[in-house]
Amino acid sequence: MIGLDTNVLVRYLVQDDAEQSAAAESLLKTFTAEAPGFISAVSIIELVWVLQSCYEAGRHDIRAVMEDLLRTRELVVERAELIWQSLRIFTQGKADFADCVIERCGHAAGCDYTITFDRDAATSSGMKLLR
């Protein structure tokens with residue numbers, strides 16, 4: 001299995017650098033269900049951040065991209081179920097995707113809740129506000 005860095009995914013998805021995008025596309029075409037590529041949860045978090053901050057992608061556009069990645073049999077996404085859960089929370093609220101993942105990680109680890117100073121995270125992701 002070959003791991004994919006965020007920048008490879010960005011080039012593949014946004015096609016904004018002809019040479020790197022072609023190389024990324026060629027690599028991704030080599031993956032199969034029997035020999036998939038690997039995307040870490042950290043790369044997924046970075047990818048969402050890059051798509052939002054650099055390419056001004058909206059939450060629903062990001063959801064569509066993430067759903068495609070998660071459903072692709074030629075790719076394995078680390079902690080896929082947790083990423084799915086985070087994606088659902090993210091598209092329904094105002095919290096950052098990373099905050100949604102942080103909250104879901106805490107939940108998966110058995111935490112009663114996750115504390116934050118971020119009001120959007122507290123109201124949208126299920127965290128509790130520290131006052």
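Just so we're clear, the structure is a prediction, and the values are computed from it rather than from any experiment. Numbers here simply count residues along the sequence, with the first being 1.
- Residues satisfying the salt bridge (charged side-chain N to carboxylate O under 4.0 Å, His left out) criterion with Asp16, sequence neighbours excluded, are Arg11.
- Phe31 places a side-chain heavy atom less than 4.5 Å from the side chain of Ile2.
- Residues Ile44 and Val77 form a side-chain contact, since some pair of their non-hydrogen atoms from C-beta on lies under 4.5 Å apart.
- One finds the OG atom of Ser40 at 9.0 Å from the CG atom of Leu4 (value rounded to the nearest 0.5 Å).
- Here salt bridge (Lys or Arg N to Asp or Glu O under 4.0 Å) pairs that include residues 39-65, with residues two or more places apart or in two chains, are Arg63-Glu67.
- A search for side chain to side chain donor-acceptor pair (under 3.5 Å) contacts involving Asp68 returns nothing, not counting sequence neighbours.
- In this structure, Asn7 CG and Ser43 OG are separated by 8.5 Å, a value rounded to the nearest 0.5 Å.
- Using a 4.5 Å cut-off between side-chain heavy atoms of Ile, Leu, Val, Met, Phe, Trp and Tyr, with links allowed through other members, Leu87 and Val10 fall into the same hydrophobic cluster.
- Between atom OG of residue Ser86 and atom CZ of residue Arg79 there is a gap of 9.0 Å, rounded to the nearest 0.5 Å.
- In this view, Thr72 and Glu74, Leu75 satisfy the side-chain contact (heavy atoms from CB on, under 4.5 Å) rule, not counting sequence neighbours.
- Taking Ile, Leu, Val, Met, Phe, Trp and Tyr as hydrophobic and joining them when side-chain heavy atoms fall under 4.5 Å apart, one finds Phe38 in a cluster with Met1, Val76.
- Nearest heavy atom pair, residue Ala121 against residue Ala95, reads CA-CB, 3.8 Å.
- A 4.5 Å side-chain heavy-atom check between Arg131 and Leu129 finds at least one atom pair inside the cut-off.
- Between Leu70 and Ile83 the shortest side-chain heavy-atom distance falls below 4.5 Å.
- At least one donor-acceptor pair under 3.5 Å links the side chain of Asp17 to the backbone N or O of Gln20.
- Residue Tyr12 places its OH atom among 12 or fewer non-hydrogen atoms of other residues, nucleotides or ligands, all under 6.0 Å distant.
- The cluster map of Ile, Leu, Val, Met, Phe, Trp and Tyr, joined by side-chain heavy atoms under 4.5 Å apart, puts Ile89 and Met66 in different clusters.
- Residue Gln52 holds its CD atom at 7.0 Å from CG of Asp96, rounded to the nearest 0.5 Å.
- The two residues Leu27 and Thr30 make their nearest non-hydrogen contact at O-OG1, 2.5 Å.
- For the side-chain contact (heavy atoms from CB on, under 4.5 Å) with Val65, the qualifying choice from Leu9, Val48, Leu51, Val14 is Leu51, the only one to do so.
- To the nearest 0.5 Å, the span separating OG1 on Thr91 from CD1 on Ile62 amounts to 10.5 Å.
- Using a 4.5 Å heavy-atom threshold, the side chains of Val101 and Phe90 count as separate.
- Separation of atoms CE (Met127) and SG (Cys100) is listed at 7.5 Å; rounding is to 0.5 Å.
- With a 4.5 Å cut-off on side-chain heavy atoms, Leu82 and Cys105 count as touching.
- For the pair Val50/Tyr55, a side-chain contact is recorded, criterion being any heavy-atom separation below 4.5 Å from C-beta on.
- Side-chain contact between Glu103 and Thr116: absent, with no pair of heavy atoms (C-beta onward) separated by less than 4.5 Å.
- The two residues Ala24 and Val8 come nearest to each other via the heavy atoms CB-O, 3.6 Å.
- Ion pairing of Glu81 with Arg88 is present here, as a side-chain N (NZ or NE/NH1/NH2) and a carboxylate O approach within less than 4.0 Å.
- Residues Lys94 and Ser124 share a closest heavy-atom pair of N-OG, 2.9 Å.
- Contact record, Glu78 with Ala41: OE1-N, 2.8 Å, taken as the closest heavy-atom pair.
- In this view, Tyr113 and Ile115, Lys128 satisfy the side-chain contact (heavy atoms from CB on, under 4.5 Å) rule, not counting sequence neighbours.
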